[in-house]
S.K.: 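This is the structure, below, for whatever I ask next.
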Amino acid sequence: MRDDSYWMGKALAQAANAGKRGEVPIGAVLVKEGRVIGRGYNLREGKQDPCAHAELLAIRQAAKRLKAWRLTGTTLYVTLEPCPMCMGAILLARVERLVFGCFDPKAGAAGSLYDLTNDRRFNHRVEVTSGVREEECSAILSDFFRELRRRKKGERQGGSEA
């Protein structure tokens with residue numbers, strides 16, 4: 001049986017796709033009954049769309065594929081803890097379970113900055129598993145931002161380090 005680590009590997013592959021495009025490398029896959037029904041990676045820069053987060057793209061694709069906005073019985077795997085916007089979509093779509101790799105202390109809404117997952121004021125709650133392949137999820141982000149800083153430093157110094 002495929003486990004959380006396996007599916008997080010699929011989300012990491014999506015994150016790598018984002019990184020290849022110069023996007024912040026965050027990836028997501030939405031799984032139901034052992035198959036991927038939605039996938040996405042950050043496309044905010046390419047689409048110039050503040051809502052083009054990996055989670056939202058995966059949720060939209062799944063809803064279209066299932067022809068339903070209620071995504072009950074699904075698990076969302078994402079490399080970084082979702083932000084408040086994405087957590088809102090996860091709750092509204094009735095995603096049953098959320099699995100993420102690393103926490104986001106600056107914008108996370110599943111336990112670090114906020115915890116919208118178990119807020120009794122909402123009519124849906126989502127089961128959460130965190131820290132799956134955490135080092136890999138954190139490293140892909142750290143490496144991306146390290147390289148970005150290196151390039152920006154080179155540009156400031158008048159060089160063209162590409």
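Treat the numbers as computed from the prediction; the structure is a model and nothing was measured.
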S.K.: Shortest non-hydrogen contact from Gly38 to Arg65?
M.R.: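 Shortest heavy-atom separation between Gly38 and Arg65 comes out as N-NH1, 4.0 Å.
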
S.K.: Any chain of hydrophobic side-chain contacts (each under 4.5 Å) joining Leu92 to Trp69?
M.R.: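 Different clusters.
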
S.K.: Check whether any side-chain heavy atom of Leu141 sits under 4.5 Å from a side-chain heavy atom of Ile26, and report yes or no.
M.R.: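 SC-SC contact between Leu141 and Ile26 confirmed.
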
S.K.: Less than 4.5 Å apart, any side-chain heavy atom of Ile90 and any of Ile59?
M.R.: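 When only atoms from C-beta onward are counted, Ile59 and Ile90 do touch, with a gap below 4.5 Å.
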
S.K.: Determine, stepwise, if the pair Trp7 / Val36 fulfils side-chain contact (heavy atoms from CB on, under 4.5 Å).
M.R.: CA-CA 9 Å; Trp7 294 115; Val36 174; 3.4 Å; yes

S.K.: Could you tell me which non-hydrogen atom of Gly40 sits nearest to which non-hydrogen atom of Ala54, and how far apart they are?
M.R.: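 In terms of heavy atoms, the two residues are closest at O-CB, 3.6 Å.
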
S.K.: Side chain of Asn42, backbone of Arg44: donor and acceptor closer than 3.5 Å?
M.R.: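 Not at all, since once roles are kept as given, no pair shorter than 3.5 Å links the two residues.
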
S.K.: Between Ser142 (side chain) and Ser138 (backbone), is there a donor-acceptor pair under 3.5 Å?
M.R.: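 Flag set: sc Ser142 to bb Ser138 pair under 3.5 Å.
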
S.K.: Answer yes or no: is there a donor N or O on one side and an acceptor on the other, between the side chain of Thr79 and the main chain of Leu12, under 3.5 Å?
M.R.: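 No, because the side chain of Thr79 does not come within donor-acceptor range (under 3.5 Å) of the backbone of Leu12.
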
S.K.: Please report the shortest heavy-atom distance between Thr72 and Lys32, naming the atom on each side.
M.R.: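 Where Thr72 meets Lys32 most closely, the heavy atoms are O-NZ, 3.2 Å.
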
S.K.: For His124 and Val95, which heavy atoms make the closest approach, and how far apart are they?
M.R.: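 Heavy-atom minimum between the residues: NE2-O, 2.8 Å.
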
S.K.: Report whether Leu43 and Val24 are members of the same hydrophobic cluster (ILVMFWY, side-chain heavy atoms less than 4.5 Å apart, transitive linking).
M.R.: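 Cluster IDs for Leu43 and Val24 differ.
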
S.K.: Drop me the distance from Glu96's CD to Leu76's CG, to the nearest 0.5 angstrom.
M.R.: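 If I round to the nearest 0.5 Å, the distance is 12.5 Å.
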
S.K.: For the CZ atom on Phe144, are there more than 12 heavy atoms of other groups (residues, nucleotides or ligands in this structure) within a distance under 6.0 Å?
M.R.: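 Counting neighbours around CZ of Phe144, more than 12 heavy atoms of other residues, nucleotides or ligands fall under 6.0 Å, so yes.
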
S.K.: Please round to the nearest 0.5 Å and tell me the distance separating atom CG of Asp104 and atom OG of Ser112.
M.R.: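 The CG atom of Asp104 sits 6.0 Å away from the OG atom of Ser112.
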
S.K.: Within the 4.5 Å heavy-atom criterion, are Leu57 and Tyr41 side-chain neighbours or not?
M.R.: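 Not touching, per the 4.5 Å side-chain cut-off.
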
S.K.: So, for Cys86 and His53, which heavy atoms are closest and what is the spacing to 0.1 Å?
M.R.: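 That closest heavy-atom pairing would be SG-ND1, 3.4 Å.
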
S.K.: Should Phe103 and Val78 be regarded as members of a common hydrophobic cluster, given that ILVMFWY residues are connected when their side-chain heavy atoms come within less than 4.5 Å of each other, either directly or indirectly?
M.R.: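 Linked within one cluster.
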
S.K.: Would a 4.5 Å heavy-atom cut-off, applied to side chains only, mark Val128 and Phe100 as touching?
M.R.: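 In contact.
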
S.K.: Go through the structure and list residues passing side chain to side chain contact (heavy atoms under 4.5 Å, CB included) with Arg149, not counting sequence neighbours.
M.R.: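 Partners of Arg149 by the side chain to side chain contact (heavy atoms under 4.5 Å, CB included) criterion, ordered by chain and then number, come out as Phe145, Arg146.
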
S.K.: Between Glu81 (side chain only) and Gly111 (backbone N and O only), is there a donor and an acceptor less than 3.5 Å apart?
M.R.: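 Side chain of Glu81 to backbone of Gly111: a pair is present.
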
S.K.: Checking the side chain of Glu55 only, and the main-chain atoms of Met87 only, is there a donor and an acceptor separated by less than 3.5 Å?
M.R.: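 Pair absent, no side-chain N/O of Glu55 close to backbone of Met87.
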
S.K.: Between Ser5 and Arg133, which heavy-atom pair has the shortest distance, and what is it?
M.R.: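 Closest approach of Ser5 to Arg133: O-NH1, 2.9 Å.
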
S.K.: Are Leu56 and Phe122 grouped together when hydrophobic residues (ILVMFWY) are joined by side-chain heavy atoms under 4.5 angstrom apart?
M.R.: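 Shared cluster, no.
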
S.K.: Treating Arg39 as the side-chain partner and Ile37 as the backbone partner, does any N or O pair qualify as donor plus acceptor under 3.5 Å?
M.R.: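 The answer is no, because no donor-acceptor pair under 3.5 Å joins these two groups.
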
S.K.: Can you tell me which residue among Leu30, Leu98, Val99, Val29 is in a side chain to side chain contact (heavy atoms under 4.5 Å, CB included) with Thr75?
M.R.: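 It is Val99; the other options fail the test.
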
S.K.: Is there a path from Val126 to Leu66 through hydrophobic residues (I, L, V, M, F, W, Y) whose side chains come within less than 4.5 Å of each other?
M.R.: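 Yes, Val126 connects to Leu66 through the hydrophobic network.
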
